[in-house]
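Input: a single structure, listed below in structure tokens.
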Amino acid sequence: MHKTSQGKQASALSSFCVREKEREQPKEKQGFTSASREKMENFPVINMENLNGEQRAITMDKIKDACENWGFFELVNHGIPPELMDTVERMTKGHYKKCMEQRFKELVASKGLEYVETEVHDLDWESTFHLKHLPVSNISQIPDLDDDYRKVMKEFAVKLEKLAEELMDLLCENLGLEKDYLKKAFHGSNGPNFGTKVSNYPPCPKPDLIKGLRAHTDAGGIVLLFQDDKVSGLQLLKDGQWVNVPPMHHSIVVNLGDQIEVITNGKYKSVLHRVVAQTDGNRMSIASFYNPGSDAVIYPAPALVESKAEEAGEAAYPKFAFEDYMKLYAALKFQAKEPRFQAMKAMESGLNLESIATA
């Protein structure tokens, strides 16, 4: 692509971002009905040990159903040692108390968040820091982490990376793709991006007015979450109802991001989810994101493109470099994903994004 056309597209993309920000955010249904409680009871839990015996076919079907109908599932017996997870949890909660709790209280006070009377739409009730693992680690550069904590988080990241790649192969098997298809699609020139968001959600005096984390889909590939098993808060949107993701001891929650939706041509979909702040308890959340490399080119797998119209180029999903999608996502994270896909299709075909923003 020529530099001049790149500049025009960047300008159009900027205009699109501004206009999308001005749009009203999707309305979120509050509360729980008996139907949503029933859905929580049916939340898919996958026992990874069953992949090694007579239960393999049934377990693969459960994974397939979870990917097609939930976008989320919970893993038990996933191979990460429970004692390592206990150590990660203990050190993460200790680090928050020692290094982050007071800062968060000062932030809340500076913004007057304890006294808000109307719903807050522009921030989240969370205290976070981010770790990068691949292609280059930044763990040694994060301030306030003691050496033991750094070492444990590195070890945990290695286990999670292995689990993410195992899951990618299982998804390929269910989709009828060659074993390494997703890993190759994610590779780019320098391998995948892999990082961890470490979050704490402290007690919130106004959880009806401030979300722990506003509703969104995840931009990337596969997300592996080690969440607090005592304090709940994570919810996903299913059939128009918010459903609690049940906290389970030593489990790993998996959810699919936008890139998996694109590559699978919509067979698997990313799902809106949020964190509801609680009045009691501090919720720990350690979310690790296994994403495509920055220059990886993402598009629907040809084997999953079914119609002649799609084969002729009228695909339901666009083709794009992951880093370009992330630039758009940074501005529109808390908006619906469909306009993001539409914008990337417009960039792909060289259309002016202004027409989409004002349509």
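With salt bridges taken as basic N to acidic carboxylate O contacts below 4.0 Å, one links Lys337 and Glu261. Taking a cutoff of 4.0 Å between a charged side-chain nitrogen and a carboxylate oxygen, Glu178 and Lys183 do not qualify as a salt bridge. For Lys159 and Glu155, the salt-bridge test fails: no basic side-chain N is under 4.0 Å from an acidic carboxylate O. The pair Lys269-Glu68 fails the salt-bridge criterion, with no side-chain N (NZ, NE, NH1 or NH2) lying under 4.0 Å from an Asp/Glu carboxylate O. Arg214 has no carboxylate O lying under 4.0 Å from a charged side-chain N of Glu126, or vice versa, which leaves the two without a salt bridge.
A distance-only check finds a donor-acceptor pair linking the side chain of Asn138 to the backbone of Lys132 [under 3.5 Å]. Checking side-chain atoms of Asp146 against main-chain N and O of Tyr149 turns up a donor-acceptor pair under 3.5 Å. Although no hydrogens or angles enter the test, the distance criterion places no donor-acceptor pair under 3.5 Å between the side chain of Asn244 and the main chain of Pro246. Remark: the backbone N or O of Lys230 is paired with a side-chain donor or acceptor of Asp228 at under 3.5 angstrom. In this structure, Trp125 contributes its side chain and Tyr201 its backbone to no donor-acceptor pair below 3.5 Å. The backbone N or O of Pro292 lies less than 3.5 Å from a partner atom in the side chain of Asn193, making a donor-acceptor pair. Under the 3.5 Å distance criterion, the side-chain polar atoms of Arg150 are matched with a main-chain donor or acceptor of Ile142.
Side-chain atoms of Ser189 and Asp295 include a donor-acceptor pair closer than 3.5 Å. With 3.5 Å as the limit, one finds no donor-acceptor pair spanning the side chains of Arg283 and Gln278. Neither side chain, Thr196 nor His130, offers a donor N or O lying under 3.5 Å from an acceptor on the other.
Using a 4.5 Å cut-off on side-chain heavy atoms (C-beta onward), Ser285 and Phe226 make no contact. A heavy-atom distance below 4.5 Å is not found between the side chains of Gln259 and Asn291. Proximity of Tyr317 to Thr264: side-chain heavy atoms (C-beta onward) are nowhere separated by under 4.5 Å. Leu225 places none of its side-chain heavy atoms less than 4.5 Å from the side chain of Ile286. Within the 4.5 Å cutoff, side-chain heavy atoms of Met60 are placed close to those of Leu51. Proximity of His121 to Phe334: side-chain heavy atoms (C-beta onward) are nowhere separated by under 4.5 Å. Two residues are said to be in side-chain contact when any heavy atoms from C-beta on lie closer than 4.5 Å; Val198 and Thr92 meet this criterion. Annotation: side chain of Asp258 is in contact with side chain of Tyr325 (closest heavy-atom distance under 4.5 Å).
Residue Met91 is not grouped with residue Val158 when hydrophobic side chains (ILVMFWY) are merged at heavy-atom distances under 4.5 angstrom, including chains of intermediate members. Leu328 and Phe289 are not part of a single hydrophobic cluster, where members link through side-chain heavy atoms under 4.5 Å apart. Placement of Val45 and Val243 in two distinct hydrophobic clusters is found when ILVMFWY residues are connected by side-chain heavy-atom separations under 4.5 Å, directly or transitively. Cluster membership check: Val223 does not share its hydrophobic cluster with Leu236, using side-chain heavy-atom separations under 4.5 Å among Ile, Leu, Val, Met, Phe, Trp and Tyr. A continuous path of hydrophobic side-chain contacts links Met347 to Val297 [ILVMFWY only; heavy atoms under 4.5 Å].
The aromatic rings of His273 and His216 are tilted relative to each other, their planes meeting at an angle between 30° and 60°.
Nearest heavy-atom pair across Ala185 and Ala296 is O-CB, 3.6 Å. Taking every heavy atom of both residues into account, Ser270 and Gly257 meet most closely at CB-C, 3.6 Å. Contact between Val275 and Leu234 at its shortest, heavy atoms only, is CG2-CD1, 4.3 Å. Shortest non-hydrogen contact noted between Ser288 and Phe194 is CB-CE1, 3.9 Å. When all heavy atoms of Ala303 and Leu177 are compared, the pair lying nearest together is CB-CD2, 3.9 Å. The heavy-atom pair separating Val262 from Pro318 by the smallest distance is CG1-O, 3.7 Å.
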Stepwise side chain to side chain donor-acceptor pair (under 3.5 Å) check, His250 with Asp86: CA-CA 8 Å; His250 293 149; Asp86 289 340; 2.7 Å; yes

Stepwise side-chain contact (heavy atoms from CB on, under 4.5 Å) test for Val254 and Leu75: CA-CA 7 Å; Val254 178; Leu75 301 178; 3.7 Å; yes

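Residues passing the salt bridge (charged side-chain N to carboxylate O under 4.0 Å, His left out) test with Glu166, sequence neighbours excluded: none.
Distance CD1/Ile260 to SG/Cys67: 8.5 Å, rounded to 0.5 Å. Here CG of Leu304 is found 7.5 Å from OH of Tyr181. Values are rounded to the nearest 0.5 Å. Atoms CZ and CD, from Phe72 and Gln235 in turn, are 11.0 Å apart once rounded to the nearest 0.5 Å. The OG1 atom of Thr128 lies 6.0 Å from the CE atom of Met100; values are rounded to the nearest 0.5 Å. Put simply, CG on Leu272 and OG1 on Thr217 are 6.5 Å apart, with the number rounded to the nearest 0.5 Å. Put simply, CG on Leu171 and CD1 on Ile222 are 5.0 Å apart, with the number rounded to the nearest 0.5 Å.
Within the cation-pi definition used here (under 6.0 Å to the ring centroid, within 45° of the axis), Lys238 qualifies as a partner of Trp70.
Summarising the local packing, CD of Glu54 is surrounded by 12 or fewer heavy atoms from other residues, nucleotides or ligands at distances under 6.0 Å. The 12-atom threshold is exceeded at NZ of Lys206, counting heavy atoms of other residues, nucleotides or ligands nearer than 6.0 Å. Counting non-hydrogen atoms of neighbouring residues, nucleotides and ligands closer than 6.0 angstrom, the NZ atom of Lys62 reaches no more than 12 such neighbours.
Residue pairs meeting the salt bridge (Lys or Arg N to Asp or Glu O under 4.0 Å) criterion with at least one member in residues 99-112, sequence neighbours excluded: Lys97-Glu101, Arg103-Asp144.
Among the candidates Leu160, Leu167, Val76, the single residue satisfying the side chain to side chain contact (heavy atoms under 4.5 Å, CB included) test with Ile252 is Leu160.
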